[in-house]
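Model, not experiment: these values are computed from the prediction. What's counted below: heavy atoms across the whole structure, side chains too, no hydrogens, waters or symmetry copies.
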Amino acid sequence: EQAAAGRIAKRPPPRVGEQELVVAALGLDAPRVIDDASDRQQIFDLLLRATRSKTSFAAVLSVHPDHIRGRLAIADDQFDCSGVGALRIPRNTVAAFEQAIASGTPSIGPLATGEPYIDGFLEALGGLQSSALLMPVIIGTRTIALVAAHRGNSTLTMEEIADLFP
């Protein structure tokens with residue numbers, strides 16, 4: 001059962017009272033549930049769980065002027081997400097991150113940069129997958145976070161995750 005539920009770094013599983021929100025977020029009406037969320041952390045948790053329901057690994061990364069910071073992650077047992085909370089990636093080093101931040105639109109593609117030092121940071125996101133989802137979280141006109149997710153070596157398509165977007 002733990003493998004099916006995944007593992008979470010930094011956050012415990014939802015309390016019984018939160019189950020309804022999580023179940024709703026895993027359905028086809030995730031945007032409505034997110035609209036009803038009461039705070040930023042609850043929105044991150046809902047996005048993370050909804051994304052994880054369609055992938056093997058999902059992480060929330062907060063966007064700052066000089067770096068991108070790992071916040072929390074949930075994954076199948078095959079992935080170690082314990083290092084996500086300590087992750088700090090300098091800005092303007094991962095082209096896929098910067099493209100998602102600038103465009104404000106979800107995308108699927110590789111994360112690897114070819115720079116061993118930077119790619120070492122990306123290993124904390126479950127490896128250098130060739131088919132990774134990057135989904136910006138935007139408030140007003142500013143991207144405040146990215147959801148990064150993948151299925152390991154399996155391909156991920158936009159059609160399979162379209163119901164995650166408003």
Side-chain angles (χ1 to χ4, degrees), residues 1-63 68-79 81 84 87 94-111 122 124-166:
E1 182 171 321
Q2 183 179 359
R7 294 178 293 135
I8 274 190
K10 292 182 71 174
R11 298 279 298 174
R15 292 183 303 274
V16 174
E18 297 171 334
Q19 292 294 336
E20 294 79 17
L21 287 174
V22 172
V23 168
L26 299 180
L28 297 178
D29 204 11
R32 182 197 58 78
V33 174
I34 290 167
D35 285 344
D36 294 342
S38 60
D39 65 30
R40 187 177 291 185
Q41 187 60 48
Q42 187 178 26
I43 290 170
F44 287 158
D45 288 346
L46 291 168
L47 277 171
L48 183 71
R49 291 176 187 280
T51 304
R52 171 58 186 86
S53 74
K54 297 179 176 298
T55 62
S56 300
F57 178 96
V60 174
L61 311 170
S62 58
V63 176
I68 295 171
R69 178 182 305 164
R71 292 184 54 98
L72 56 144
I74 185 171
D76 287 347
D77 285 338
Q78 70 193 41
F79 299 103
C81 53
V84 170
L87 185 62
V94 180
F97 288 172
E98 297 305 323
Q99 176 62 30
I101 292 166
S103 72
T105 59
S107 63
I108 294 177
L111 297 182
L122 297 174
L125 298 177
L128 300 174
Q129 307 307 327
S130 62
S131 179
L133 165 68
L134 289 177
M135 182 170 54
V137 178
I138 300 168
I139 294 181
T141 60
R142 186 172 159 248
T143 300
I144 63 160
L146 294 172
V147 175
H150 59 77
R151 289 188 181 148
N153 293 327
S154 299
T155 302
L156 185 64
T157 67
M158 290 301 256
E159 292 79 26
E160 295 170 311
I161 55 169
D163 59 326
L164 294 173
F165 314 131

Pairs touching residues 127-146 that satisfy ring pair (Phe, Tyr, Trp, His ring centres under 6.0 Å), sequence neighbours left out:
none
Rounded at 0.5 Å granularity, tell me how far [atom1] in [X] sits from [atom2] in [Y].
X	Y	atom1	atom2	value
Phe57	Gln78	CZ	CD	11.0 Å
Leu164	Lys54	CG	NZ	6.0 Å
Ser56	Ile74	OG	CD1	11.5 Å
Leu87	Leu122	CG	CG	7.5 Å
Leu61	Phe44	CG	CZ	10.0 Å
Ile108	Met135	CD1	CE	10.5 Å

Give a yes or no answer on whether the side chain of [X] reaches the backbone of [Y] with a donor-acceptor pair at less than 3.5 Å.
X	Y	answer
Ser103	Thr105	yes
Ser131	Leu156	yes
His150	Leu125	yes
Arg49	Arg52	no

Could you report the tightest heavy-atom contact between Pro110 and Ala96, atom names first, then the distance?
O-CB, 3.8 Å
Within the 4.5 Å heavy-atom criterion, are [X] and [Y] side-chain neighbours or not?
X	Y	value
Val63	Ile144	no
Val60	Thr51	no
Leu111	Leu134	yes
Val137	Leu146	no

Given Ile138 and Thr143, is the side-chain contact (heavy atoms from CB on, under 4.5 Å) satisfied, shown in steps?
CA-CA 4 Å; Ile138 300 168; Thr143 300; 3.7 Å; yes
Name all pairs fulfilling the salt bridge (charged side-chain N to carboxylate O under 4.0 Å, His left out) condition that reach into residues 139-156, sequence neighbours left out, sorted by first residue then second.
Arg151-Glu160
What pairs of residues pass the salt bridge (charged side-chain N to carboxylate O under 4.0 Å, His left out) test when at least one of them lies in residues 96-105, not counting sequence neighbours?
Arg91-Glu98
Which is it for Val84 and Arg71 under the side-chain contact (heavy atoms from CB on, under 4.5 Å) test, yes or no, and what are the steps along the way?
CA-CA 6 Å; Val84 170; Arg71 292 184 54 98; over 6 Å; no
